[in-house]
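Remember, predicted model here, so these are calculated numbers, not experimental data.
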Amino acid sequence: MRKRGEITVFLTMILVCVWALLCGLVESARTAGARCYLRQALDSSMDSLFGQYHRKLWESYRLLGLEYGTPGDLEGEFREFLAPYLEAQNWYPLEAGEISAVRLTALTDEDGACLEEQILAYMKYGLLSTTWDELKPDEAAELFRAVKEAGAVKEAAGAYKGHAREAVKLEKALEQLNDSLEKQRKLWETGAERLRGCDGGGFLSQAARLDTELGKVPGLVKAYEKKADGLDRKLKESRNEYESRAGDLSQTVRDGLEAEIRQYEAYTDRDGERRRQVEALDGLSQQNREYVRQVMEEARSVQEYIDSWEPDDEDEDDELDEEALWRPVRARWDAYPVLALNVEFGIQDKETEGFLERVQELISGDLLALLLPEGETASEQRPDLTDAPSTLCGYGKGGEAGGNSAAGLVDRLMIGEYALRYFDYYGRKPIKDGCCVYETEYLLFGHAGDRENLSSAASRLLAVREGLNLIHILSDPQKRGEAEALAAAIAGGTGLLPLVGVIKFFIMGVWALGEAVLDVRALFDGEKVPFLKTQDSWRLDLDGLVEMGKTGGNSGELSSSGQGDKGMDYKGYLRLLLFFSMGPETDFRMLDMIQSNLRAGQPGFRADHCAHAVEMSADVCGKHLFLTPGVWKAAAGGGEQRYEMTVAVTGGYGK
């Protein structure tokens, strides 16, 4: 039997089901909208947070950094920016739970990659305006290859210049040995004269001195052998080192160096012949010493007989014939095998050789006193390196920066140009107040004081110019001929032709160094120096080189004034040094300078407390609007039905 209202109940149930479906669909759409709204709120809050970048950092260096005290400070500020979005009366009721910075990247993180990223992002917008003086930008790669080659040549030349000095010392060791032998010959001759005069006491005195002098020969021979062994060993080491770096040299330069190096090896080969004769003197001196002592014993016997002789009173004609008594001793003495060094050796023009040695010694003193313009002194200021980023991150040991963290040629050029644009250097009027004048030099060398950094820059420029100058000499037959002529004059008629080649290469190396001294002087004086020298741009002749050694480099005739209108200036050479120095050390030293300078207006500023990127994790609680727990659950105290979401958001100044 059909009951009343059954259709109504059926329709009501259908309506409830349809309404539940509709509410579910609407709630699902609203929940998706809430997530979208939350994402938008988090992104906007993160943008607002990073909009609080350090204004002075941007104005002075075009870098963006979000300064903070602790990660909790960033979390609090982020919550404040998020609050208006959560408190809005809309279809998306949300409440913030825990907010935490799960990853915080400072400017000092990732070994300088964050700093490089910002520099490249800034410099790529048409702001790179580099003038390469003699070279076009597309020739920069060839220029840098030449600098690398100059470094390899400088290393090889430096080693072999040292070997040339060792060869000269070897010749001097032979001179000392020869001096001893000459002294022995004169003592022998004087002893013979004493015997001819029947002066037994005088003879014994000369013979004793000869015995002493003979005793020095083994030590002199060993001193020579030690120097010869050391030279031979070092030449082999240098040959191996040269072979390992030969790949950095062009074929022309390699051929020129190889020809000069072979002269050293020929010298040691020829010295082997001399050595056999010199070594024989050790045993011969021992034999001669025994010979002298035997003659001395005979002479003492004769002298004792003469001293004890008394004439026969009965024989008036009884006289002592001393001449006859000394005749056997004199015959033995005349048969003495006088030792001589029957080999060619020595340096004839020691004065000129000494002047060339002095040129090398110039750079071992106060470089800045030698190179800075007359009357100018280097800054003695020191940057504030308290809590320096380079020290905190393990790059604060000082010394020349090295490595290339930037990927390509253009990146390194842009970072170097950025450094020259925003950091002071020698010769540039300071663009900001700070406690360091030579900031770019600090980027390169990292010393604690201006003077030390400028001195290191001078030394590095000398090395670069010396290598490039030597490349020019090796490729110039005229200069090589002049060096050989001077070497022949210094060596004299030794007959040991390879020694001339050794001294020649020594002269070429010193000549390149002397020219480099004038080059760096010119750079510090605001002039330009051609990267690759020609006959016309060469400043120093060999007479001037010798004069430099005489005067200690202070002769007015050696001034470089008026010749520097072509080439690259000091800034251009700094650009080269920066290119080869790009790496974490350079990056952190930039941050050192930035921190030091900003502390002038904001004591306590720290680069490692400037965020480059932050990742926040936010726990957010939402509630359903179209789904409820029902009347019975509400009556039972079930409350509103909620759901939780954890959303991560990242913000920063990078890509």
Side-chain angles (χ1 to χ4, degrees), residues 149 152-175 224 227-246 249-276 278 343-350 352-354 356-357 359-360 466-467 469-514 542 545:
E149 180 179 56
V153 171
K154 166 66 173 61
E155 290 297 323
Y160 281 95
K161 272 196 304 183
H163 300 331
R165 291 195 297 273
E166 291 161 1
V168 170
K169 291 178 181 178
L170 187 61
E171 297 299 315
K172 291 179 178 178
L174 289 172
E175 289 178 357
Y224 161 78
K227 289 182 173 63
D229 289 338
L231 176 58
D232 186 60
R233 182 180 65 257
K234 290 178 181 178
L235 280 175
K236 290 177 181 177
E237 293 173 355
S238 295
R239 164 60 80 171
N240 293 334
E241 180 66 22
Y242 165 74
E243 294 292 347
S244 69
R245 303 197 63 176
L249 305 175
S250 64
Q251 188 61 47
T252 302
V253 173
R254 190 184 304 129
D255 291 343
L257 273 178
E258 186 66 37
E260 302 303 330
I261 290 173
R262 281 198 294 268
Q263 295 293 326
Y264 285 81
E265 294 166 348
Y267 171 76
T268 55
D269 290 342
R270 287 288 303 276
D271 186 58
E273 300 174 10
R274 296 191 307 184
R275 182 167 182 170
R276 285 188 289 274
V278 172
V343 295
E344 299 292 344
F345 64 91
I347 302 295
Q348 180 171 310
D349 191 349
K350 294 183 177 65
T352 300
E353 188 270 333
L356 296 177
E357 289 276 5
V359 174
Q360 288 209 129
E466 182 183 353
N469 292 341
L470 185 56
I471 289 175
H472 170 73
I473 295 175
L474 287 170
S475 63
D476 188 338
Q478 179 179 339
K479 287 187 174 61
R480 294 178 71 173
E482 293 175 9
E484 186 169 8
L486 180 58
I490 291 175
T494 65
L496 194 68
L497 293 179
L499 179 61
V500 175
V502 169
I503 298 176
K504 169 192 169 186
F505 191 62
F506 171 71
I507 292 171
M508 291 164 60
V510 175
W511 198 359
L513 175 61
L542 284 177
L545 180 65

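- The residues Arg233 and Glu166 are annotated as not salt-bridged, no charged nitrogen and carboxylate oxygen being separated by less than 4.0 angstrom.
- Between Tyr160 and Phe505, the closest heavy-atom pair is CB-CE2, 3.5 Å.
- Counting heavy atoms from C-beta outward, Asp255 and Leu474 have side chains that stay 4.5 Å or more apart.
- Under 4.0 Å is where a charged nitrogen must lie from a carboxylate oxygen, and between Lys169 and Glu175 no such pair does.
- Note that OG of Ser238 and CD1 of Ile261 are 8.5 Å apart. Values are rounded to the nearest 0.5 Å.
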Test side-chain contact (heavy atoms from CB on, under 4.5 Å) applied to Glu237 and Glu241, step by step: CA-CA 6 Å; Glu237 293 173 355; Glu241 180 66 22; over 6 Å; no

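- One finds a salt bridge joining Glu260 and Lys504 here, because a Lys/Arg side-chain nitrogen approaches an Asp/Glu carboxylate oxygen to under 4.0 Å.
- Between Ile507 and Leu542 there is a side-chain heavy-atom pair separated by less than 4.5 Å.
- No side-chain heavy atom of Ile347 sits less than 4.5 Å from a side-chain heavy atom of Lys172.
- Between Arg275 and Asp229, the shortest heavy-atom contact is NH1-OD1, 2.6 Å.
- Nearest heavy atom pair, residue Ile503 against residue Ala491, reads CD1-CB, 3.9 Å.
- Taking OG1 of Thr352 as the reference point, atom CG of Leu545 lies at 10.5 Å (rounded to 0.5 Å).
- Across all their heavy atoms, Ala228 and Leu170 have their closest contact at N-CD1, 3.6 Å.
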Check the pair Arg239 / Glu258 against salt bridge (charged side-chain N to carboxylate O under 4.0 Å, His left out), numbers first and verdict last. CA-CA 10 Å; Arg239 164 60 80 171; Glu258 186 66 37; 2.8 Å; yes

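- Look at Arg480 and Glu484 and you find no salt bridge, because none of the NZ, NE, NH1 or NH2 atoms lies under 4.0 Å from a carboxylate O.
- Crowding of Lys350 atom NZ: a count of heavy atoms from other residues, nucleotides or ligands under 6.0 Å exceeding 12.
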Could you go through the side-chain contact (heavy atoms from CB on, under 4.5 Å) check for Tyr264 and Thr268 one step at a time? CA-CA 6 Å; Tyr264 285 81; Thr268 55; 6.0 Å; no

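- Nearest heavy atom pair, residue Lys479 against residue Trp511, reads O-CZ3, 3.5 Å.
- Here Ile490 contributes atom CD1 and Leu356 contributes atom CG; the two are 5.0 Å apart, rounded to the nearest 0.5 Å.
- In this structure, the separation between OH on Tyr242 and CG on Leu257 is 5.0 Å, given to the nearest 0.5 Å.
- Atom NE2 of His163 is separated from atom CD of Glu265 by 10.0 Å, given to the nearest 0.5 angstrom.
- In this structure the side chain of Lys154 never reaches within 4.5 angstrom of the side chain of Leu470, judged on heavy atoms.
- Pairing each heavy atom of Tyr267 with each of Leu231, the nearest pair is CE2-CD2, 3.7 Å.
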